[in-house]
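One structure below.
We're numbering straight along the sequence, starting at 1. As the structure is a computational prediction, the values presented were derived from the model and not from experiment.
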Amino acid sequence: MYNFNRIKPYVFYRVMKHPLSGLIRLLFKLEVHGRENLPAKADGVIIACNHRHAADPGFLVAATGLCWRFMAKQELFRSGASRWACTHFNAFPVRRRVVVDRQAIDFAVDVLQDGRAGLGIFPEGTRSDDGKLLPGKHGAAVLARKTHSDVLPCSLYWEGKLGRGTRVTVRIGQVIPFAQLGMEQSPNKRENAAATAKIMAAIGELRAQGHG
């Protein structure tokens, strides 16, 4: 059972993120574009990216070098190996088959307000088998509203099936300031939808550039 009662220490992640990044670069041909768009720190920033594979968080860690906590589907926390990996690399579970997972949302807000990491989220809510961008869910917009966080759009692209030696392109877009998301303080479904569309459009534009 995942402990949502506190923000877990980041010691293991901070020590291991560099070896993890090295392993990613050893296994894959990682190309990163847009590093100039990275904030100095991830603290309080939401990184939003398309979703292709379970390795996606590792690609984003290797590409940015920053400290993120990723929302991950609850199923990954059921088996020993994946639960250990997710927990020690600071992922936390979200239930996808409920309308709103309040516990996960509240924890994500705590992460963004804690000041030690940014929040990683895949707005599609599931992996895209063929790489095409799926419709975005409103989670990133809702969390931005609650915390007034900026959003950093990113994209992942590769051709064919992911395997050792695959050329993986990570594109980092320009930060979308909270003020440009057009959301007021109180909840509003129309504003959430518009902000989500803006975030997904930014991800889509990056993804459309492919390996170029």
Side-chain angles (χ1 to χ4, degrees), residues 10 12-39 41-43 45-73 75-77 81-82 84-94 108 111 117-134 136-137 139-140 151-176 199-200 202-212:
Y10 289 83
F12 184 89
Y13 176 94
R14 292 187 186 281
V15 170
M16 292 302 297
K17 72 175 182 177
H18 297 297
L20 172 64
S21 298
L23 179 62
I24 290 288
R25 293 181 180 279
L26 179 66
L27 295 176
F28 307 99
K29 297 177 182 177
L30 190 67
E31 294 187 0
V32 184
H33 301 268
R35 280 198 182 94
E36 67 276 8
N37 295 322
L38 283 172
K41 295 183 178 180
D43 307 359
V45 175
I46 298 170
I47 186 171
C49 187
N50 63 308
H51 199 12
R52 298 282 315 272
H53 193 274
D56 292 350
F59 293 139
L60 294 179
V61 170
T64 66
L66 299 177
C67 186
W68 307 101
R69 297 202 69 165
F70 289 91
M71 278 186 164
K73 62 182 181 181
E75 291 81 356
L76 292 175
F77 290 80
S82 64
W84 184 93
C86 286
T87 300
H88 282 77
F89 282 100
N90 290 315
F92 61 96
V94 58
V111 168
L119 178 72
I121 188 168
F122 300 102
E124 294 162 290
T126 190
R127 301 178 209 169
S128 171
D129 293 332
D130 59 6
K132 294 180 180 178
L133 198 63
L134 302 174
K137 300 184 183 300
V151 177
L152 178 66
C154 291
S155 75
L156 293 166
Y157 180 88
W158 61 84
E159 295 177 354
K161 187 177 181 180
L162 183 69
R164 184 164 186 170
T166 298
R167 183 182 175 192
V168 177
T169 301
V170 181
R171 292 189 180 275
I172 303 164
Q174 294 184 343
V175 169
I176 305 173
I199 293 168
M200 295 306 295
I203 296 172
E205 288 176 7
L206 293 168
R207 190 207 164 280
Q209 297 176 47
H211 280 318

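Closest non-hydrogen pair, Arg69 versus Ala91, comes out as NH2-O, 4.2 Å. Of all non-hydrogen atoms in Cys154 and Ile203, the two that sit nearest each other are O-CG2, 3.5 Å. A pairwise comparison of heavy atoms in Val175 and Pro153 identifies CA-CD, 4.4 Å as the closest pair. Looking at every heavy atom in both residues, Val45 comes nearest to Trp68 through O-CZ3, 3.6 Å. The heavy-atom pair separating Cys86 from Leu76 by the smallest distance is SG-CB, 3.9 Å. In this structure, Ile199 and Ala48 approach most closely via the heavy-atom pair CG2-CB, 3.9 Å.
Under the salt bridge (charged side-chain N to carboxylate O under 4.0 Å, His left out) criterion, Glu31 pairs with Arg167, not counting sequence neighbours. Scored by the side-chain hydrogen bond (donor to acceptor under 3.5 Å, both in side chains) test, Asp43 finds no partners at all (sequence neighbours excluded). For Ala63, the side-chain contact (heavy atoms from CB on, under 4.5 Å) partners two or more places apart in sequence, or in a different chain, are Val32, Val170. Under the side-chain contact (heavy atoms from CB on, under 4.5 Å) criterion, Thr166 pairs with Phe28, Trp158, Leu162, Val168, not counting sequence neighbours. Evaluation of the side-chain hydrogen bond (donor to acceptor under 3.5 Å, both in side chains) rule for Ser155 yields no partner, not counting sequence neighbours. With sequence neighbours left out, the side-chain contact (heavy atoms from CB on, under 4.5 Å) criterion links Glu205 to no other residue.
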Name each donor-acceptor pair under 3.5 Å that joins a side chain in residues 15-25 to protein atoms two or more places apart or in another chain, with its distance.
from	atom 1	to	atom 2	distance (Å)
Lys17	NZ	Gly65	O	3.0
Ser21	OG	Lys17	O	2.8
Arg25	NH2	Ala62	O	3.3

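Each of Val94, Asp56, Asn90, Leu60 was checked for a side chain to side chain contact (heavy atoms under 4.5 Å, CB included) with Phe70, and the lone residue meeting it is Leu60.
Residue pairs meeting the salt bridge (charged side-chain N to carboxylate O under 4.0 Å, His left out) criterion with at least one member in residues 124-133, sequence neighbours excluded, do not occur.
Atom-to-atom distance recorded for Phe92:CZ and Phe77:CZ is 8.5 Å, nearest 0.5 angstrom. Summarising the geometry, atom NE2 belonging to His33 is positioned 9.0 Å from atom NE2 belonging to His211; distances are rounded to the nearest 0.5 Å. Atom OG1 of Thr64 and atom CG of Leu152 lie 8.0 Å apart (nearest 0.5 Å). Distance check: Arg207 CZ to Thr169 OG1 gives 11.0 Å after rounding to the nearest 0.5 Å. For the atom pair OG1 of Thr126 and NE2 of His51, the computed distance is 7.0 Å after rounding to the nearest 0.5 Å. Interatomic distance, Lys137 NZ to Ile121 CD1, rounded to the nearest 0.5 Å: 11.0 Å.
Under the 3.5 Å distance criterion, the side-chain polar atoms of Asn50 are matched with a main-chain donor or acceptor of Leu156.
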